[in-house]
Amino acid sequence: MTELFGFWWEWLPTLLSGLQLSLAVTAVALLFGIPLGLILALGVQSKRAVWHVLSLFIIETGRGAPALILLQFTYFGLPSAGIALSSFVSASLALAWCTGAYTSEIIRAGLDAVPHGQKEAAAAIGLTDWDALYFVILPLALRVSVPPLFGFAILMLQASSLCFAIALPELVSQAYVIGSNTFQYMQILLLAGLLYAVICIPATIAVAALEARLGRHTD
Amino acid sequence: MSDSTAIRRGEPLLRLAAVHKRFGTHEVLSGIDLRVSAGEVVAIIGPSGSGKSTLLRCINQLEPPTEGRVLLGGVAVEAGQELSRAELTQLRRSVGMVFQSFNLFPHLTVLRNVSLAQERVIGRSRKEADAVSMQLLSRVGLADKAQQYPGRCSGGQQQRIAIARALALDPKLMLFDEPTSALDPELGLEVLAVMRELAENGMTMIVVTHEMHFAESVSDRVIVMADGRIIEEGPSAEVMRNPKTERAKRFLQAVNDR
Ligand SMILES: Nc1ncnc2c1ncn2[C@@H]1O[C@H](COP(=O)(O)OP(=O)(O)O)[C@@H](O)[C@H]1O
Ligand SMILES: [Mg+2]
């Protein structure tokens, strides 16, 4: 047992630096992906055919293709089109794409949940469509969407482990490197799993609490 | 309160000419002609599904008519005509609307509910808008609720706030769609009192209602609708006591028997 703890203690700093990168790539993916999700949610509802089709295309590819394929596409595929990106930028791009596609559904469900009377009232008092969206509809929609968005963010942190496939030295990649150097795969992967759990379990509890809180004040 | 295009009492304010509204193949309004003068209070009664709400929505273009013409304060809108943003804003400014289900914004304070359009639509400063809103809230007897959220107010209070919100852009015409139908009778009374006060102060109003006493005592004129048409129209007492058409008789009988 003390042997295991000693091993963990030795490699913890390396894993933490990996975790930092996992968190960073997840954060960037969400920062760009969620606004993209909003744009896509509005885009699919657009009466303009171009916006509708373009949004649908981005959503369907983002949801249809496994995240691993998106990662490999942005890292190995784009260079053949003359766009070479670092593993961090490729990973952010692929995960933002995936985030945009999935969160557009979450946001659309939120928008649909806003009672029609709210849109009518906003129009009747003379607000433009954009003002109605910004001041009335989005704030109400987000009350519905925020808990599942946080839930999605937790899944995204876990999905960022796929970035080991494009040589991004995030948490799981670091664990593999340590494992192959020490042959103690089991022990190091256990520690990596614990690190994910330390973040994801409290986050999940916090999301549930938030959900209860927002639910209470709806209307 | 008034601007340069102010319309004096008794002058024509609203005119609907041969207004039709279809949803798909379902014709909900079948040729509505209606004139309303400034300062007039018109009650619309009729069985549910007869097109009363749709008629109100056609007036402020929440539902654009499929045929016909709506003239408001000298500005005509033809069916099928694409309104510019400025024209639509002008129209929505001149017409206030109160809904059966209040439709207050639940995430905004009572004050903000009343101030929002003043800031966004007519560019009043926050301070100016809030001052006007406080006056309006006092007028409906709810200045003390300014900082609360609508969810904390009773139904009657919410509807009075909704009236204040609809008045915030100094409309020439107020539309009420069954404003007391969702309320207990006592709470309905406080809403009717506010509407009575508005009527006495010369506001032009079109009120869809099942409150026969209100229709008779406050409105100048009653319109009876059935199946997307106006089947009877005239001075309140006359229409309510001596309906001419069989359909109107049956409807009034049914209402009185309740
Ligand atoms: N947006 C809509 N789409 C389709 N049908 C509608 C719509 N709004 C109203 N209707 C139909 O129009 C008819 C009249 O409705 P409405 O104007 O609400 O009547 P009232 O207010 O007199 O009860 C009803 O049959 C209703 O189902
Ligand atoms: Mg109705």
Side-chain angles (χ1 to χ4, degrees), chain A residues 34-35 38 41-42 45-52 106-150 207 209-219, chain B residues 53 56-57 59-64 83-108 112-123 149-153 158 161-171 173-177 182:
Chain A
I34 292 176
L38 172 61
L42 297 174
Q45 292 180 348
S46 172
K47 285 179 213 102
R48 293 264 194 87
V50 207
W51 287 118
H52 177 78
I106 294 174
I107 293 169
R108 194 172 59 85
L111 291 171
D112 286 349
V114 177
H116 187 63
Q118 293 290 313
K119 298 168 201 176
E120 283 208 316
I125 61 172
L127 297 185
T128 61
D129 289 351
W130 285 112
D131 274 1
L133 186 69
Y134 184 78
F135 289 102
V136 178
I137 296 160
L138 262 191
L140 293 172
L142 285 181
R143 290 175 165 203
V144 176
S145 300
V146 159
L149 284 176
F150 274 105
V207 171
L210 179 73
E211 200 158 15
R213 224 182 108 88
L214 287 178
R216 220 165 3 110
H217 289 294
T218 311
D219 213 305
Chain B
S53 299
L56 291 191
R57 282 165 215 273
I59 293 172
N60 69 352
Q61 303 283 327
L62 277 185
E63 291 289 1
L83 290 179
S84 71
R85 185 62 236 177
E87 288 167 324
L88 196 57
T89 300
Q90 187 53 44
L91 175 68
R92 299 277 162 78
R93 269 186 74 169
S94 350
V95 183
M97 188 166 196
V98 175
F99 302 88
Q100 180 176 348
S101 49
F102 330 135
N103 298 346
L104 292 175
F105 307 129
H107 59 298
L108 302 178
R112 201 83 192 104
N113 263 275
V114 184
S115 292
L116 182 61
Q118 298 176 55
E119 285 173 47
R120 300 303 305 172
V121 181
I122 56 177
Y149 285 87
R152 303 281 300 273
C153 302
Q158 290 192 45
I161 295 160
I163 294 174
R165 180 178 68 178
L167 288 170
L169 302 185
D170 304 328
L173 172 66
M174 286 283 283
L175 306 175
F176 294 85
D177 193 357

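Numbers restart at 1 for each chain; the letters A, B, ... are given by sequence-line order, proteins then strands. The basis for the numbers below is simple: all heavy atoms, side chains too, and nothing from hydrogens, waters or symmetry mates.
Looking at A:Leu140, the atoms closer than 4.5 Å to chain B (heavy atoms on both sides) all sit in the side chain, from C-beta outward. Heavy atoms closer than 4.5 Å to chain A are found in the backbone of B:Leu104, but not in its side chain. For B:Val98, no part lies near chain A; criterion is any non-hydrogen pair under 4.5 Å.
Qualifying side chain to side chain donor-acceptor pair (under 3.5 Å) partners for B:Gln61, counting only residues two or more places apart in sequence or in other chains: none. Partners of A:Ala121 by side-chain contact (heavy atoms from CB on, under 4.5 Å), not counting sequence neighbours, listed by chain and number: B:Phe99, B:Asn103, B:Phe105, B:Arg165.
B:Arg92 places no side-chain N or O within donor-acceptor distance of the main-chain N or O of A:Leu127, the cut-off being under 3.5 Å.
Pairing each heavy atom of B:Arg120 with each of A:Asp131, the nearest pair is NE-OD2, 2.8 Å. The two residues A:Ala124 and B:Asn60 make their nearest non-hydrogen contact at CB-ND2, 4.2 Å. Nearest approach of A:Asp129 to B:Arg85, heavy atoms of both residues: N-NH1, 4.3 Å.
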